[in-house]
Amino acid sequence: MLEIANLTAQAGGFRLTDIQLGIAAGECHAVLGPSGSGKSTLLGAVLGTRPVMAGRVRLANDDITHWPIEHRRLGYVPQQLGLFPHLSVADNLAYSARARRVPEAEYRPLLDRLVDITGLGALLSRPIATLSGGERQRVALVRALTADPRLVLLDEPFTALNESLRREMWWLVKDLQRERGLTVMLVTHDLTEAYFLAEHITVLIEGRQEQSGSKVEVYRRPASLAVAHFLGLKNLFPATVARSAEGWIEADCPVLNARFRLPGDAPEGCAVVLGIRREDVTLRDAAHPPPPPSEQVLTGTVQIVDLGSEAEIHLQPGPDAPVIEVAVPWRTVQHFGLRDGQSGVRVGLPEAHMFWVKAP
Amino acid sequence: MSRRPGPRGFRASIAAALAVLAFYAGLIVSLAWFLDGEVLNRTLFSERSFFSVQLSLMAATVATGLAMTLAIPAAYALSRYDFIGKQAAETVLEFPIIVSPAALGAIILIFFNNPLGEWLQENTIYFVFTFSGIVLAQFVTILGLSVRMLKAAFDEVPVELETVARTLGAGSRHSFFTVTLPLAKNGLIAALILTWAKALGEFGATLMVAGSMAMRTETLPIAIFMRLSNADIEGTVALILILVVIGLSALYAARRLLGRSAHA
C-alpha cells in the first residue's frame with residue numbers, strides 16, 4: 001500500500017536520509033526512535049508537510065511524493081489531536097464530507113457505523129472543550145477515518161493518556177483496523193505501544209534507518225548497538241571473533257570468560273558486541289539437568305530488585321565482570337530460595353537466544 | 001523560580017494600576033476647567049464639526065479597510081511561511097512604529113515630489129491636500145501595526161489544525177476560511193478596532209500630506225490643532241470630547257464583541 005524508496009527529507013537543519021520502507025495493505029507499521037531521530041520528518045514527508053529532497057513516496061500505485069496534502073487521502077491523528085475547538089463533535093466528524101462536498105446520504109452510513117463502534121453517539125452535540133482526554137482521542141481517531149483514508153498516520157496520539165486509557169485506545173485501534181482493514185503508520189517512541197499495535201517495525205536513529213523488519217525480528221535480533229540501546233537492552237558484552245566458518249562465528253568474551261557460537265558471518269579478529277534479553281537468561285540450580293553445550297553457565301553473587309509484577313536479578317559473575325540482568329517471576333525467586341547478596345547463584349546464557357552486532 | 005508577589009508587592013501593583021487610571025482620567029477631567037456649555041453646544045452642532053467627524057470616520061474606515069485587505073494575507077504569510085525577504089519584511093513593519101507619523105507624512109509628501117510620484121498623481125489619484133491623501137497618510141501609519149497584530153492572531157492558531165483540515169480533504173483556502181479565520185476571529189476584531197481607532201486619531205502624517213484646510217482636509221485631530229492654534233480653548237475641549245467619546249465607544253464595542261465571542 002505504502003512504498004517509500006530512497007527517501008531523503010529535510011526539516012530545518014536536520015536531514016533524514018535514504019529511507020526504504022514498505023507497508024502492506026491492512027498492516028500496522030510502527031516507526032520507532034528516540035527524540036530527534038527523524039520520525040516526525042518521515043511522517044511529514046508522507047503527509048506532505050516536509051519537502052522531499054530525493055526519493056519517492058508511493059501510495060496504492062500513485063506517486064504522491066509532491067501531491068498536495070488534500071489529494072493524498074490520508075487519515076491523520078497528530079500528537080495534540082488537532083480537533084477544531086470552535087466546532088462541535090458532530091461538526092468535527094462531518095468536516096471532511098463537507099470540505100469534499102460529499103452529500104450527506106453518501107457519508108452518513110460510514111459516519112454512523114464509526115460512531116456506533118466507538119460509542120461517540122452521546123457526545124455528538126458536545127463542544128470539544130467539554131470532552132475528557134479519552135473522548136477527545138476517540139473523536140480524533142474517528143474523524144481521521146471519515147474520509148475513508150488509504151493510509152492512517154498516527155503521530156504519538158496516545159502519549160498524554162494514562163496507562164489504562166492508553167490500552168483502551170490501543171484495543172480500539174486494533175478493532176477499527178480489523179473492522180475497516182486499515183493500513184496504519186504509527187510513529188511512536190513507546191516500545192510497548194509499537195509491539196502492541198504493529199506487525200512490522202522500523203527503527204530510526206539520528207536520521208538513519210537502523211533496522212526494519214517484523215517485530216519479532218527487531219525484538220530478537222537488533223541490527224546494531226544503537227538499536228539494542230534504544231530497545232533498552234542491558235546485557236551487552238564486548239567480544240572478539242575467534243573463529244568464523246560456514247555461517248557461524250565463535251566469539252571470545254573476556255569479560256565473561258566464555259566463548260559463544262552464534263550464527264552469522266564476520267571476519268576473524270572482528271570486534272563484536274554480544275547480547276541477550278534479560279528474560280532469556282535462565283536460572284540454574286543443582287536440581288536442573290546439566291545445561292546443553294550451547295548454554296554457557298556463569299556463577300556469581302545476586303542482588304534482587306523488586307519490579308512489582310516481576311523480579312529483576314542482577315548477577316555479578318566476578319569483581320571486574322559486567323552485571324547480568326535476569327527477569328524472572330516472583331515464584332521463581334521463591335522456588336530457588338534466592339536472597340539478596342546470595343553468592344554461588346548460577347545463570348545460563350543459551351546461545352539460541354543470543355545475538356551479536358558489530359562493535360561501533 | 002518565579003515567586004508570586006507578597007501582600008506588599010500585591011498592594012503596590014494595584015496602586016500602580018490605579019495610578020495609571022487616575023493619570024488618564026485626571027487629564028480628561030481637567031478639560032472641565034475650560035468646559036463652556038454654550039460653546040460646547042455650538043461646537044458640537046456646528047457644520048464644521050459635523051464635517052470633521054464625518055471626514056474622520058470615513059477616512060479612518062476606508063484606510064482601515066484597505067490596510068486590513070493587505071494586512072490579512074501579509075500577516076498570514078508571515079505567520080505561516082518561510083520565504084526570502086521574510087526577516088526584512090518583518091523589520092520594515094516596525095518602521096511606521098518607530099518613525100514618527102510626521103516623518104512618515106513627510107516621506108509621502110517628498111515621494112509625490114519626485115518624478116515617479118508626480119507621474120502617479122497625474123495619471124491615477126491626486127493625493128496631496130485631498131481626501132485620498134488623508135486615507136493614504138492613515139493607511140501608511142496603521143498598516144505596520146495591523147500586520148503585527150494580525151500576525152500575532154494567526155500565530156495563536158496551531159498550524160497542525162490546518163494540516164489536519166487538509167488531510168480531511170479541505171484545500172488551503174477552505175481550511176483558512178473554516179479553521180484559521182474563525183479561530184483567529186478575536187484577534188482580527190481587536191486588530192480591526194484598534195487600527196481604526198489609531199487611524200481616527202492620526203494627526204502628524206495627515207497634516208503633512210493633506211494639510212490643514214478648513215472644511216476640506218479638516219479631520220478631528222486637525223480641527224483640534226487648528227482651534228488650539230487660534231487659542232480657541234473651549235472649542236478645542238469640545239472637539240477633544242467628541243474624539244474621546246468615539247474612541248472609547250469603539251474600544252467598549254471591541255471589548256463587548258470579544259467578550260461575547262470568548263464565551264460563545
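In this text the structure is predicted, and so the values were computed from the model without any measurement. We name chains A, B, ... by the order of the sequence lines, and we start the count at 1 in each one.
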Engineer: Side chain, backbone, both or neither: which part of A:Leu83 has a heavy atom under 4.5 Å from chain B?
Structural biologist: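 Just its backbone gets close to chain B.
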Engineer: Crowded around A:Phe14 CZ? As in, over 12 foreign heavy atoms under 6.0 Å?
Structural biologist: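 Yes, CZ of A:Phe14 has more than 12 neighbouring heavy atoms, counting only those of other groups under 6.0 Å.
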Engineer: Side chain from CB out, backbone as N, CA, C, O: work out which of these in A:Arg143 comes under 4.5 Å of a heavy atom of chain B, or both, or neither.
Structural biologist: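 The answer is both parts of A:Arg143.
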Engineer: Within a reach of under 6.0 Å around CZ of B:Phe83, are more than 12 heavy atoms found that belong to other residues, nucleotides or ligands?
Structural biologist: yes
Engineer: Is the number of heavy atoms from other residues, nucleotides or ligands under 6.0 Å of A:Glu206 CD greater than 12?
Structural biologist: no
Engineer: Does a sphere of radius 6.0 Å around CH2 in A:Trp67 hold more than 12 heavy atoms from other residues, nucleotides or ligands, not counting ones at 6.0 Å or beyond?
Structural biologist: yes
Engineer: Who in residues 156-170 of chain B is close to chain A, using a strict under-4.5 Å heavy-atom cut-off?
Structural biologist: B:Glu160, B:Leu161, B:Thr163, B:Val164, B:Ala165, B:Arg166, B:Thr167, B:Leu168, B:Gly169, B:Ala170
Engineer: Mark yes when over 12 heavy atoms from residues, nucleotides or ligands other than A:Gln20 sit less than 6.0 Å from its CD; otherwise mark no.
Structural biologist: yes
Engineer: Taking atom NZ as the centre, does B:Lys151 end up with more than 12 heavy-atom neighbours from other residues, nucleotides or ligands that are less than 6.0 angstrom away?
Structural biologist: yes
Engineer: Write down the atom of B:Pro182, the atom of A:His86, and the distance for their closest heavy-atom approach.
Structural biologist: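 So the minimum-distance heavy-atom pair works out to CB-CD2, 3.6 Å.
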Engineer: Counting heavy-atom pairs under 4.5 Å with chain B, which one of A:Ala144, A:Ala99, A:Pro85 comes out on top?
Structural biologist: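 Greatest number of close heavy-atom pairs with chain B: A:Ala99.
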Engineer: May I ask you to check whether over 12 heavy atoms, not counting those of B:Ile98, lie within 6.0 Å of atom CD1?
Structural biologist: yes
Engineer: Heavy-atom count around B:Arg148 CZ within 6.0 Å, excluding the residue itself: above 12?
Structural biologist: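 Open: at most 12 neighbouring heavy atoms sit under 6.0 Å from CZ of B:Arg148.
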Engineer: A side-chain contact here means heavy atoms from C-beta on lying under 4.5 Å apart; do B:Thr178 and A:Tyr95 qualify?
Structural biologist: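 A side-chain contact exists here, since the closest heavy-atom pair is under 4.5 Å.
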